[in-house]
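In what follows, chains carry the letters A, B, and so on, assigned in the order in which the sequence lines appear, proteins first and then strands, with residues in each chain numbered from 1.
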Number of protein chains: 2
Amino acid sequence: MQDVADAAGVSVGTVSNVLNHPAKVSPATAERVREAIGRLGFVRNDAARSLVSGSTKSIGMVLADIENSLFIDMAHGAQDAARAIGQNLLLANTACDMRLQDDYLDLFDESRVTGVLLAPMEDSTAGIARIRSHGRQVVLLNYAPRPGTCCSVLVNNEHVGYLAARHLIDTGRTRLAYVVAHDDYQPVRDRRRGVRAAVEEAGPGVTLEEIDSVGLTTSHGHVVGAELARRAPEELPDGLLVVTDELANAIIHELHTVAGIRVPDQVAVVGCENNRAAGAAAVPLTAVDMPGRMMGQEAIRLLMDEVASGKQHRHATVVLEPELIVRSSAPN
Amino acid sequence: MQDVADAAGVSVGTVSNVLNHPAKVSPATAERVREAIGRLGFVRNDAARSLVSGSTKSIGMVLADIENSLFIDMAHGAQDAARAIGQNLLLANTACDMRLQDDYLDLFDESRVTGVLLAPMEDSTAGIARIRSHGRQVVLLNYAPRPGTCCSVLVNNEHVGYLAARHLIDTGRTRLAYVVAHDDYQPVRDRRRGVRAAVEEAGPGVTLEEIDSVGLTTSHGHVVGAELARRAPEELPDGLLVVTDELANAIIHELHTVAGIRVPDQVAVVGCENNRAAGAAAVPLTAVDMPGRMMGQEAIRLLMDEVASGKQHRHATVVLEPELIVRSSAPN
DNA sequence: GACGGGTTTTGAAACGCTCCAAGGTTGTCG
DNA sequence: CGACAACCTTGGAGCGTTTCAAAACCCGTC
């Protein structure tokens, strides 16, 4: 910066002003400085900059699973919102590794970002507490915080389950099965509650079976599908609720394409996240849509609210409602 | 840090040593300092830190399209490789917006990252030149640089096209059509060359038609598919090469599910990126696989090579070979 | 008890920027 | 012509670390 100042025949203070408060500098001087900056290829040092100001113009977003299009949507929404208020969004993918998640939380903490958006897959109370205790703001996405811990943006996951089950019941299915895995993942637990509620509400004419899958990946789905396909016809559920889309697609593949069990005629299937893959699948999947982009936007809003209001901030939870998207795997 | 020092009854220099060179400090003192750090909730300021050192422990990765699973794979590979050498990987998504891309390049430049990985969708020579002129290293991913500009990791995209076409020809298809869009996107151009080469090699018995799609999204694919479906049977190609998987899936959907044209019996289809969606599609898609993870790893390797070797560095290009994954849309 | 060697600790400079009080320069008006 | 305001520019303090030469300490020897 001193070099630029020398080259333009001004002081460093003036160079700084050109960069940060152009109005304070006469047009002629500003032009001369800018020319020098260009000629010398000067890049202002963000470290020194934020050392002085004590903060940055960046928001960190830690995502548990960048493979999942819901998380991508959240990132998109957050990016748009952040950009609109002059903040940059930095992404970090933990691939569901809690150690990595802690590392990234600390990294963002140490680099004094404006705030952190966290979309985890496990309880992260410890990590949140740690960086909050340093005065850094965190907003939790798609995972309910321990009450009073921080702001959060959630989907009404109970209603996700309810909508899915209700759709099957309303279209005449009576022997439902709910395929679930990772019951420790909170949104998954919530969905189950909604499913049960819908079934109870429907009365004794509708039964619910719960099927445990080992995991949520495609290959796990194939196992579940194959198992179902081996059942006697009268044992086969006529409505399947599947806790994620990937799992649902795999099951449909096994049932429909491999075993020749007709979807939706014999078994209707509903998924729960309306991921990218849902619409493109062998049998386009009826699924409950999660408003990912809006979640990202809301999260940024909550974060900036908290940053702005300082001490007198009250944590808030925004709960967005899901919506059923009907496709052919479970038509109307 | 001063507070910590006071609390532990030592000087700031010692606190710094505890953090950075524990061997230099006596165990007793170190313990006392660590206790104070914990008690006071001290977080070292990364800005001050990198102000002194002039660099950070982070690598920035700028991705043009985080929706595309190839880019996700590259990020994964890069993340693993970066972590293995003690660097953090920070992601930024430009959503194909060149202005955003420039902003992120500048952001990483200003924050003095160790280096930048860039996977663009358009020629980015200007941006690369800009930050390289400041001494910051860039490795280009999946997009060939202007010769001598920087290191890069590429897929042999010509071979992608060749493999796809060759597979169709080898399995007896003779009236090929290549569906393409965004011909200005370099990998897409390369693929076309490979397709043409394979067709020429096959001699006069095989014909090639080129079909221009307006874009690469699902809806564009539906348009192309519907158009094809309207053709007289003898006008219909029997082998379709589609430049991306998303487009391929949409076309198949329109052909197979909507118009009842049998895939692969009447028309075989091959896609070009082997994205996540390829395997899960209505008709599982035969596609040419791009080694995304390995690309990410190689990129980190090249970047660190360049950082290490300094002045005497010579730019290198790593070209990885694609591989055909045969599924049912174009079986053997 | 002084000395020498090694180990610990200290204190201040430096990193590159922003901010701000103070000084300089113009221009205007009485 | 002098006073005053408005506008520009300057120079230095300070941000929180790391680094390193120098100082302090410790222990065993002579």
Assess the residue pair B:E298 and B:R293 against the criterion (salt bridge (charged side-chain N to carboxylate O under 4.0 Å, His left out)); give the C-alpha distance rounded to whole Å, side-chain angles, the decisive distance to 0.1 Å, and a yes or no. CA-CA 9 Å; B:E298 286 294 303; B:R293 284 182 101 105; over 6 Å; no
What contact category does B:S50 fall into here, base, sugar-phosphate, or nothing, at under 4.0 angstrom with non-hydrogen atoms? nothing
Looking at A:M98, I want to see if its CE is surrounded by more than 12 non-hydrogen atoms of other residues, nucleotides or ligands under 6.0 Å. yes
Salt bridge between B:D305 and B:R301, side-chain N to carboxylate O under 4.0 Å? yes
For DNA chain C, which nucleotides open and close the run of contacts to chain A, 5' to 3', at under 4.0 angstrom from a non-hydrogen atom? C:dG16 to C:dC19
In this structure, CG of B:N68 is separated from CE of B:M290 (nearest 0.5 Å) by 8.5 Å
Within the supplied structure, the quantity of interest is the number of heavy atoms (other residues, nucleotides, ligands) at a distance under 6.0 Å from B:R146 CZ; does it exceed 12? no
Over all atoms of both residues, closest heavy-atom pair of B:V116 and B:L105: CG1-CD2, 3.8 Å
Give the minimum heavy-atom separation between A:A119 and A:M74, together with the two atoms involved. CB-CE, 3.8 Å
Between B:S58 and B:Q87, does any side-chain donor sit less than 3.5 Å from a side-chain acceptor? no
Under 4.0 Å, heavy atoms only, any strand: does B:S26 hit a base, just the sugar-phosphate, or nothing? sugar-phosphate
Carboxylate-amine/guanidinium contact B:D109 B:R130, below 4.0 Å: no
Roughly what angle, to 10°, lies between the helix axis at the start of the helix from C:dG1-D:dC30 to C:dG30-D:dC1 and the one at its end, five pairs per end? 60°
Might you list the N or O atoms of the protein lying below 3.5 Å from N or O atoms in nucleotides 16-25 of chain D, with each pair's distance?
from   : atom 1 : to    : atom 2 : distance (Å)
D:dT17 : OP1    : B:N45 : N      : 3.2
D:dT18 : OP1    : B:N20 : OD1    : 3.3
D:dT18 : OP1    : B:N20 : ND2    : 2.8
D:dT18 : OP1    : B:R49 : NE     : 3.1
D:dT18 : OP2    : B:S16 : OG     : 2.8
D:dT18 : OP2    : B:N20 : ND2    : 3.1
D:dT19 : OP2    : B:H21 : NE2    : 3.1

Using OP1 and OP2 only, check whether a side-chain N or O of A:T14 sits under 4.0 Å from D:dT10. yes
With the threshold set at 4.0 Å, does a side-chain nitrogen-carboxylate oxygen contact exist between B:R136 and B:D106? no
